[in-house]
Amino acid sequence: LKEVNNVRLKDSIFTWKYPLWYDDHVEVENTTFEIMSRSGIWYTKNISIKNSALQAPKLFRRASHIRLDNVHFANAEETMWTCNDIRITNSQINGDYFGKDSKNIYLDHVSVVGNYVFDGAENIEVHNSTFVSKDAFWNCKNVTIYDSTIDGEYLTWNTENIKFINCKIESDQGLNHIDHLEIKNSSLIHTDLAFEYVSDMDVEVTSKIDSVKNPVSGKIVAPEIGILIMDSNKIDPEKTKINCPKIISKVKHSDNNQKPKD
């Protein structure tokens with residue numbers, strides 16, 4: 001169905017490649033995109049899909065004005081790349097590199113299992129969702145996440161302007177290399193080497209932070225920090241205010257040779 005307008009699809013099955021390219025105003029319901037319908041929805045705008053099974057990889061590219069409700073991505077590998085104006089609700093997403101370089105994204109009650117989600121994406125708002133993802137939200141701009149759970153290594157590196165409100169976060173060496181980080185009423189469970197080279201931070205957490213390493217500037221409020229590393233050869237410790245009644249150990253010089261894993 002290439003270059004078609006004003007299409008309604010219901011109770012259908014797509015079994016081969018490129019089913020919906022260069023289309024406009026498409027409504028899809030109770031439909032299955034099987035594995036071989038890969039690269040299926042490219043350059044299409046104003047599309048809504050609900051109550052459907054999306055089994056193929058690379059399903060969305062350079063599409064816009066996308067509305068998805070109660071859909072299941074069985075293999076979302078390299079899906080939703082360079083898209084704009086995306087709204088996903090009550091859905092499950094499984095696969096690596098979902099949402100790369102896309103903009104203006106809204107998620108509510110969405111479960112994501114897959115690494116590198118939303119790499120390079122901008123203007124993201126998330127509610128009541130769950131992410132199990134290594135390297136999630138890297139290289140992003142303007143991200144706000146409410147009432148959600150995020151579990152994964154190396155969270156949100158090289159990101160600008162990100163907020164977590166009422167969230168539960170677990171990350172190995174996450175929340176680093178960020179310009180403007182805000183965390184409110186959230187917990188950091190088993191999170192170590194956090195906040196390295198983070199500037200303009202406003203962090204208030206309700207749980208112990210295993211370790212904090214070389215934050216650049218801002219404020220950290222926490223009930224307990226296991227290890228606080230403030231290496232004056234790397235940062236100016238006076239630029240970060242730390243309000244914590246219990247700091248188990250402090251380190252003035254750190255080994256900076258630790259690098260992220262693949």
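Residues take their numbers from the sequence shown, with the count starting at 1. Below, all heavy atoms of this structure are taken into account, side chains as well, without hydrogens, waters or symmetry copies.
Between the D23 side chain and the V4 main chain, a donor and an acceptor come within less than 3.5 Å of each other. N75 places no side-chain N or O within 3.5 Å of a backbone atom of A56 that could act as its donor or acceptor partner. For the pair S37 (side chain) and T15 (backbone), a donor-acceptor distance under 3.5 Å is absent. Using a distance-only test at 3.5 Å, with no hydrogens or angles considered, a donor-acceptor pair links the side chain of T159 to the main chain of F137. Side-chain atoms of T79 come within 3.5 Å of backbone N or O of L59 as a donor-acceptor pair. In this structure a side-chain-to-backbone donor-acceptor pair under 3.5 Å is missing from D96 to G114. Listed for the T31 side chain is no donor-acceptor partner under 3.5 Å among the backbone atoms of I13. The backbone N or O of I227 sits nowhere less than 3.5 Å from a side-chain atom of S211 that would complete a donor-acceptor pair. Under a 3.5 Å cut-off, the side chain of S48 and the backbone N or O of E27 do not form any donor-acceptor pair. Under the 3.5 Å distance criterion, the side-chain polar atoms of S91 are matched with a main-chain donor or acceptor of V71.
By the criterion of side-chain heavy atoms lying less than 4.5 angstrom apart, applied directly or through intervening Ile, Leu, Val, Met, Phe, Trp or Tyr residues, L188 is grouped together with Y197 in one hydrophobic cluster. A continuous path of Ile, Leu, Val, Met, Phe, Trp and Tyr side chains, each step under 4.5 Å between heavy atoms, connects Y18 with Y22, placing both in one hydrophobic cluster. Under the 4.5 Å side-chain heavy-atom criterion for ILVMFWY residues, a single connected hydrophobic cluster contains both I86 and V126. In terms of hydrophobic clustering, with Ile, Leu, Val, Met, Phe, Trp and Tyr side chains grouped at heavy-atom distances under 4.5 Å, V216 and I183 are assigned to a common cluster. Cluster membership check: L9 does not share its hydrophobic cluster with M36, using side-chain heavy-atom separations under 4.5 Å among Ile, Leu, Val, Met, Phe, Trp and Tyr.
Counting non-hydrogen atoms of other residues, nucleotides and ligands closer than 6.0 Å to NZ of K184 gives a total above 12. Within 6.0 Å of the NZ atom in K208, the count of heavy atoms belonging to other residues, nucleotides or ligands exceeds 12. Summarising the local packing, CD1 of I248 is surrounded by more than 12 heavy atoms from other residues, nucleotides or ligands at distances under 6.0 Å. By the 6.0 Å contact criterion, OH on Y106 is enclosed, its count of non-hydrogen atoms from other residues, nucleotides or ligands being greater than 12.
Of all the heavy atoms in H190 and E170, the pair that sits closest is CD2-OE2, 3.6 Å. Counting all heavy atoms, side chain and backbone alike, S102 lies closest to T82 at OG-N, 3.3 Å. Taking each heavy atom of L20 and V26 in turn, the nearest pair found is CD1-CG1, 4.4 Å. Of all non-hydrogen atoms in A222 and V205, the two that sit nearest each other are CB-CG2, 3.5 Å. Closest non-hydrogen pair, I105 versus A121, comes out as CD1-CB, 4.0 Å. Contact record, A76 with F73: CB-CB, 3.8 Å, taken as the closest heavy-atom pair.
The line from CG of D200 to NE2 of H180 is 5.5 Å long, rounded to the nearest 0.5 Å. The NZ atom of K250 sits 9.0 Å away from the CD1 atom of I225 when rounded to the nearest 0.5 Å. We find the NE2-CD distance between H127 and E125 to be 3.5 Å, quoted to the nearest 0.5 Å. Interatomic distance, CG of L68 versus CG of N51, reported as 11.5 Å (0.5 Å rounding). Taken from CD1 in I247 to CD in E224, the straight-line distance is 10.0 Å, to the nearest 0.5 Å. Considering OG of S148 and CG of L107, their distance stands at 8.5 Å, rounded to 0.5 Å.
Ring-plane geometry between W21 and Y43 is classed as perpendicular, the angle between the planes exceeding 60 degrees on a 0 to 90 degree scale with a lower cut at 30. Taking the six-membered ring where tryptophan is involved, the planes of F33 and F14 are essentially parallel, since the angle between them stays under 30° and well short of 60°.
Side chains of H72 and N94 form a contact here, defined as non-hydrogen atoms less than 4.5 Å apart. Here the side chains of N84 and K103 are in contact, with some heavy-atom distance below 4.5 Å. The shortest side-chain heavy-atom distance between I169 and F164 falls under the 4.5 Å cut-off. T191 places none of its side-chain heavy atoms less than 4.5 Å from the side chain of D210. In this structure, T240 and I235 have side chains that are not in contact, with every pair of non-hydrogen atoms separated by 4.5 Å or more. Side-chain contact between I162 and C140: absent, with no pair of heavy atoms (C-beta onward) separated by less than 4.5 Å. In this structure, S39 and K17 have side chains that are not in contact, with every pair of non-hydrogen atoms separated by 4.5 Å or more. Residues D172 and D192 are in side-chain contact: their nearest non-hydrogen atoms beyond the backbone lie under 4.5 Å apart.
Using a 4.0 Å cut-off between charged nitrogen and carboxylate oxygen, K168 and D151 do not count as a salt-bridge pair. The pair E204-K219 counts as a salt bridge, with a side-chain nitrogen and a carboxylate oxygen less than 4.0 angstrom apart. Remark: D85 engages R67 in a salt bridge, criterion side-chain N to carboxylate O under 4.0 Å. A salt bridge links E78 to R61: at least one charged side-chain nitrogen sits closer than 4.0 Å to a carboxylate oxygen.
Inspection of the N70 and N90 side chains reveals no N or O donor paired with an N or O acceptor under 3.5 Å. Side-chain atoms of T89 and D69 form a donor-acceptor pair, as typed in the model, at a separation below 3.5 Å. Side-chain contact of N115 with D135: a donor-acceptor pair under 3.5 Å is absent, judged by distance alone. Side-chain atoms of H25 and N5 form no donor-acceptor pair, as typed in the model, at a separation below 3.5 Å.
Figure legend: R62 and W42 shown without cation-pi pairing, the cationic atom not lying both under 6.0 angstrom from the six-membered ring centre and within 45 degrees of its axis.
The ring-ring contact (aromatic ring centres under 6.0 Å, His included) test with Y116 is passed by exactly one of W81, F131, Y97: Y97.
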Determine, stepwise, if the pair I41 / I49 fulfils side-chain contact (heavy atoms from CB on, under 4.5 Å). CA-CA 11 Å; I41 305 169; I49 304 177; 3.9 Å; yes
For side-chain contact (heavy atoms from CB on, under 4.5 Å), just list the numbers for M80 and I66, CA-CA rounded to whole Å, side-chain angles, deciding distance to a tenth of an Å, and then say yes or no. CA-CA 10 Å; M80 204 69 73; I66 301 161; 3.7 Å; yes
Starting from the C-alpha separation in whole Å, work towards a yes-or-no answer on side-chain contact (heavy atoms from CB on, under 4.5 Å) for V198 and L175. CA-CA 8 Å; V198 176; L175 301 164; 5.5 Å; no
Checking S199 against D179 for the side chain to side chain donor-acceptor pair (under 3.5 Å) test, could you report, in this order, the C-alpha distance in whole Å, the side-chain angles of both residues, the deciding distance, and whether it holds? CA-CA 5 Å; S199 61; D179 181 14; 3.2 Å; yes
Residues E122, N142; criterion side-chain contact (heavy atoms from CB on, under 4.5 Å); working and verdict: CA-CA 6 Å; E122 296 183 19; N142 307 324; 5.5 Å; no
